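Inspection log for the structure reproduced underneath, given as structure tokens.
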There are 2 protein chains.
Amino acid sequence: MRTVDCIVKKRDGGELDSEEIAHLIRGYVDGSIPEYQISAWLMAVYFAGMGFQETGYLTREMIDSGDTLDLRGIEGPLVDKHSTGGVGDKVSLILAPLAAACGLKVPMMSGRSLGHTGGTLDKLESIPGYTTALEPARFRSIINEVGYAMTGQSESIVPADRKLYALRDVTATVESIPLITASILSKKFAEGAESLVFDVKCGSGAFMKTPDTAEQLASFLVETGRSLDKKVAAVITSMEQPLGRMVGNFLEVEESAMALQGKGPSDLMEVTMRLTAWMLVAGRIEPDVDSALRRCRKELESGAAYERFIKNIELQGGDPGQMEAGFGVRRADLSVDLTAGEDGYIQEVNAYKTGMAGVYLGAGRSKTDDDVYPDVGIVFQKKCGDSVEKDEPLCRIFARDEEGLDQAQRLMDDAIVLGEYGDASKEMILKELPVE
Amino acid sequence: MRTVDCIVKKRDGGELDSEEIAHLIRGYVDGSIPEYQISAWLMAVYFAGMGFQETGYLTREMIDSGDTLDLRGIEGPLVDKHSTGGVGDKVSLILAPLAAACGLKVPMMSGRSLGHTGGTLDKLESIPGYTTALEPARFRSIINEVGYAMTGQSESIVPADRKLYALRDVTATVESIPLITASILSKKFAEGAESLVFDVKCGSGAFMKTPDTAEQLASFLVETGRSLDKKVAAVITSMEQPLGRMVGNFLEVEESAMALQGKGPSDLMEVTMRLTAWMLVAGRIEPDVDSALRRCRKELESGAAYERFIKNIELQGGDPGQMEAGFGVRRADLSVDLTAGEDGYIQEVNAYKTGMAGVYLGAGRSKTDDDVYPDVGIVFQKKCGDSVEKDEPLCRIFARDEEGLDQAQRLMDDAIVLGEYGDASKEMILKELPVE
């Protein structure tokens, strides 16, 4: 098979078959196909797209390029959730113990903060003692014991994705929906998930800025997953403003603990409950979303979900007592309140700018080797649609140094927009693509 | 400047400015930009196209990547002609002495046969003693003496084109009109032409199969040339059937000599005269095509053009007497006549298949290092629109070996199509894009 013929076929709008995709990916990984041919193919994919089946072949080849996690021996439906990334997105911290309390097994592999988006691993590691570096055997045993475990991605999983991503990054081919789809799905399935629920974020703080692109990605994830005989659902959720009222690492642990005790903000609870409900449906524990939602509410109210949370922390080396002692008080030394300059209503809390403020504070990273701090961040008193009076506080910023405080303050001044009229309640769930 | 930003801009439909184009081409030639970024940019160009001005920047950078030929000291308007390649295309051999006889200076750099298309250098070198390997000083002095000289391309001219072409070849980005345009123009202008007339061939034997793509290329050549302040015209000519009645190397020299003595076939003469006339207009020797055509006819009829042809052969080391002695008799030993299987009219003489028959005979090359023979080829007795009777000869094939003869015969059997009705005369000049 000639590589250039595969490129021509894609360039001219054809769908590559499984042999052609295998030729490209295996050849790229083993070095027999040069990068300049792969990058030409990637750009052709950017323009000409890929079919669902073709994206499935790519996903399969990427999975086969490395190890897969063996989760045999775990009883119960293995369901994971994946978010495309947002600001204040602590959904995983709440959803995993809640789903476990409902009877699912959740093998959750998460990422770290990069750019304006937060990272679940960074948040978890702000819990004193908590480790996310788990050997596979330990990962399995914690899932067996408490229903879920939280870890990072293994280096040996999907090496083709790392290699392709590095090339896409320097050849302007990151923003291709089928390539994004194959990258996400290959990692998730290599990590052993049988079923998956996607939280496709849409808005200023999301990778997908428009409902249209979010829906395209959601469709690709669901349809490609189906072509691989996996149960996949997707929920498109709003990421115009930060999710919940806290942005930061330990701040988000605190808000998650509150949520697990029934005291979470409504936007966060709505998104989390809906995603968890879809997981129960995907895992065949509940027949439909409505009964799944009832089940979720029950496990929250009974305290079972919070119990799982505490138990997981203990099993992953953390100290729940020290964590709880930090709630409300573990804050960086410097702080400032942003106040309203006039009476009015909050029109916008720009999620992207809030996320970038988090980077300047040290809650997130601009480069992969930056340090992050547990105790910096932003706590909102007001969010979109709320009325405010002149001089009323809008949010409080916690910082470790004056420079970070200044820059975050400047960004947040810009992020929060006041106006004369209050908007009605914001839709959080924009669209649902159910399990087949 | 970041290379990836240039790729993003092109991918998103922007036009790169001169600095961005310079960054890419210089970086590629000096090795500071990796091939995988250049190939991604090339594929983005394939899909998103380029503007005329942008193509001009690319042409300019490619010219600047190497030497340019210094043709100062030559008096008179320097005008060259370039053909996109065809079958039986011996136009250069006739046009150059004719244009020179009319007062132009023609610095002609030609190519060799590859694939189904013939090569001017191969044809010229079938003249006993004729050399096309001329040092620049000798090239200049022959032009000064007889008005034109014929040579091959120097290795030191436009190295960026050779490097880019090699990459395009393996990344499925050859078929991009702006990239083809920059490749052609950069070589021609680096070779010292002030004005250019393009013969954009269109049809089964041409690179551009449809009038639409031929017109796109012609427009790009003319408009990009203008953006570089050069005088450029283009003529789109038909290449459905071979041009003239002879295909082969020495056979085409013979037909060219006949044409220069006023005995050329009408299709060949029409194309050649029209292109030469546009050269006279581009070189400001004649005010319009009609007066230029009258001038061409005069120089043909007076014998001045044929005189230049003979003089050039002497200056380039050839033996005109030996050449003329070969006319009508210098033919490969094996031959066969193809005859009509029934009464009828010639509907088609497929130029591509004829060209491929030439490759099997050894008139052309399938690989760049193949040998070519002077005395093989095809002589047509009939062409499109002619009436034939059963058993009347259609063409004669001359070959060096039985295998070549068999394969060429099979191809020609297929190439020549008979039918019940005669088509009216075929248009040779499909469109003209005049000098501004």
Side-chain angles (χ1 to χ4, degrees), chain A residues 1-16 20 23-25 27-29 31-50 115 160 162-180 207 209-210 213 366-367, chain B residues 1-16 20-21 23-25 27-29 31-50 115 160 162-180 207 209-210 213 367:
Chain A
M1 192 178 297
R2 293 197 326 152
T3 305
V4 68
D5 295 334
C6 300
I7 306 173
V8 167
K9 187 172 177 183
K10 176 42 61 192
R11 186 197 71 184
D12 294 347
E15 295 200 8
L16 301 194
E20 289 161 330
H23 169 79
L24 290 175
I25 299 306
Y28 182 46
V29 170
S32 63
I33 297 179
E35 287 177 307
Y36 55 76
Q37 288 189 308
I38 298 298
S39 67
W41 167 68
L42 290 169
M43 188 59 86
V45 167
Y46 179 90
F47 280 97
M50 287 177 85
R162 268 192 304 283
K163 214 172 157 179
L164 274 177
Y165 192 85
L167 189 60
R168 286 166 59 201
D169 195 35
V170 292
T171 56
T173 50
V174 168
E175 299 91 339
S176 156
I177 284 179
L179 297 177
I180 293 167
F207 193 66
K209 306 290 181 205
T210 65
T213 53
S366 58
K367 301 188 306 291
Chain B
M1 190 178 298
R2 294 198 324 153
T3 304
V4 69
D5 295 333
C6 300
I7 306 173
V8 167
K9 187 171 176 185
K10 175 43 60 193
R11 186 197 71 185
D12 294 348
E15 294 200 10
L16 303 195
E20 290 161 331
I21 292 286
H23 170 78
L24 290 175
I25 299 306
Y28 182 45
V29 171
S32 62
I33 297 180
E35 287 177 307
Y36 54 77
Q37 288 189 308
I38 298 298
S39 68
W41 166 67
L42 290 169
M43 188 59 87
V45 168
Y46 179 90
F47 280 98
M50 289 176 86
R162 268 192 304 284
K163 213 172 159 179
L164 274 175
Y165 192 86
L167 189 60
R168 287 165 60 201
D169 195 36
V170 292
T171 57
T173 50
V174 168
E175 299 91 338
S176 156
I177 284 178
L179 297 177
I180 293 168
F207 193 65
K209 307 291 182 204
T210 65
T213 53
K367 302 191 305 291

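Naming: A, B, ... by sequence-line order, numbering from 1 per chain. Here the structure is a predicted model, which is why all the values come from computation and not from measurement.
- Contacts between A/I38 and chain B at a heavy-atom distance below 4.5 Å are absent for every atom of the residue.
- Atom CE of B/M43 sits about 11.5 Å away from atom OG1 of A/T173, to the nearest 0.5 Å.
- Shown here for B/T171 and A/Y36, the closest heavy-atom pair between the two residues is CG2-O, 3.6 Å.
- Neither the backbone nor the side chain of A/L42 has a heavy atom closer than 4.5 Å to any heavy atom of chain B.
- Options B/V8, B/L167, B/D12, B/V170 differ in how many heavy-atom pairs under 4.5 Å they form with chain A, and the most are formed by B/V170.
- Within the 4.5 Å cutoff, the side chain of B/R11 has heavy atoms near those of the A/F47 side chain.
- Between A/A40 and B/S39 the shortest heavy-atom distance is N-OG, 3.9 Å.
- Although no hydrogens or angles enter the test, the distance criterion places no donor-acceptor pair under 3.5 Å between the side chain of A/E35 and the main chain of B/E35.
- When heavy atoms are compared at a cutoff of 4.5 Å, A/D169 approaches chain B solely by way of its backbone atoms N, CA, C and O.
- Of all heavy-atom pairs spanning A/I7 and B/A172, the tightest one is CG2-CB, 3.7 Å.
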